[in-house]
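In what follows, a structure is listed as structure tokens, so that the remarks can point back to it.
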Amino acid sequence: MCKKLIVALVAILASSNLWAQNAGGDIEMADAMRANGMIYVVVAVAAVVMIGLLAFVFATDRKISRVEKELKEK
Amino acid sequence: MIALFYKSWWKVLTVILLLYTILGGFLMPVPKLPILHETIRNMNFHVALWFAMMIILTFSVVYSIRYLRNPTPQNDDFAVETANVGIVIGMLGITTGSIWARFTWGDWWVQDPKLNGAAVAMLIYLAYLILRGSLPDQQQRARISAIYNIFAYGMLIPLLYILPRLKGVDSLHPGQGGNPGFSAYDLDNNLRKVFYPAVFGWTLLGLWIASLRIRIRMVEHTLSEKMAVNG
């Protein structure tokens, strides 16, 4: 049930907004990251920070699980 | 509740919601408003954090009440760690609000009932931690701080939601004293699509961190029990 919930949620979130981007311009190419005053670069940076912090919380979670397991075995 | 600590589906959900918050928060189209400009995107961070704080502090007071009805160390652990996370989120709310105020209202802090109310509320919760720190006996600490927590939560509601809205009170903050409220932005569908997932995501992250700290406390309890048995 929970997995279905997550899948449904991802589908809803992914379909709710799609951002079209204006390719082209004068000379510069592969412009997605340079569009709109390069805001996408900031978005990428913020996303990396978020991923990093969440990964750290996840690692802490695993570490505590390990300690709990050790304590149970003793 | 404890069984949920070891499930991973809601942690995956947290990650998805928060990444969506970052991506959607920066990239979605927002209403064009004077003064605010792009800073309206702070809704997904500053405002969503305050919502998350309220939800998490509600968890805290619920577990304080549960402690008074059923005084187990676990209920106390739940109450104090959710309060801890709530306080951290509240501090982030004040700091982010201050930055936002600097660039929209022109100052880091303005004498405003909503802002001062939030500051007083934070001080009341800090006193909760100081009170806990000053009581050495575990049961006494848990019981007295549970009662204090109920009063602290009881002060939070008037400080944040009633006093700033009283008739005749002027406030710059949206939603108070005749200012266009949160509902004015809420009408915007694009904003809502990110805002509610953001509130949910920040709340889940707070609860996740609280759950980790509760688990550390449970390990500590087990350790001290073993020490007592082994002499």
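Numbered from 1 within each chain, the chains take letters A, B, ... in sequence-line order.
- Your options are A:D61, A:V57, A:L71, A:L54, and the one with the most heavy-atom pairs under 4.5 Å with chain B is A:D61.
- Closest non-hydrogen pair, B:L27 versus A:Y40, comes out as CD2-CE2, 3.2 Å.
- Surrounding CD of B:Q138 are more than 12 heavy atoms belonging to other residues, nucleotides or ligands, all under 6.0 Å away.
- The stretch residues 212-223 of chain B places B:L212, B:R215, B:I216, B:V219, B:T222, B:L223 near chain A, each with some heavy atom under 4.5 Å from a heavy atom of that chain.
- Side-chain contact check for A:E68 versus B:Y6: some heavy-atom pair is nearer than 4.5 Å.
- For B:H37, there are no side-chain hydrogen bond (donor to acceptor under 3.5 Å, both in side chains) partners, not counting sequence neighbours.
- B:Y153 meets the side-chain hydrogen bond (donor to acceptor under 3.5 Å, both in side chains) test with B:T58; sequence neighbours excluded.
- Here the closest heavy-atom approach between residue B:I22 and residue A:A47 is recorded as CG2-N, 3.8 Å.
- Of the two parts of A:V43, the backbone and the side chain both hold a non-hydrogen atom closer than 4.5 Å to a non-hydrogen atom of chain B.
- Comparing B:L13, B:T14, B:I209, B:L19 by heavy-atom pairs within less than 4.5 Å of chain A, the highest count is held by B:L19.
- Contacts of B:W9 with chain A are made by both backbone and side-chain atoms, with heavy-atom separations under 4.5 Å.
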Validation: residues 45-53 of chain B side-chain donor-acceptor distances under 3.5 Å, sequence neighbours left out:
residue : atom : partner : partner atom : Å
B:H46   : ND1  : B:G93   : O            : 3.2
B:H46   : ND1  : B:T96   : OG1          : 3.0
B:H46   : ND1  : B:G97   : N            : 3.2

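- Within a 6.0 Å radius of CZ in B:F5, more than 12 heavy atoms belonging to other residues, nucleotides or ligands are found.
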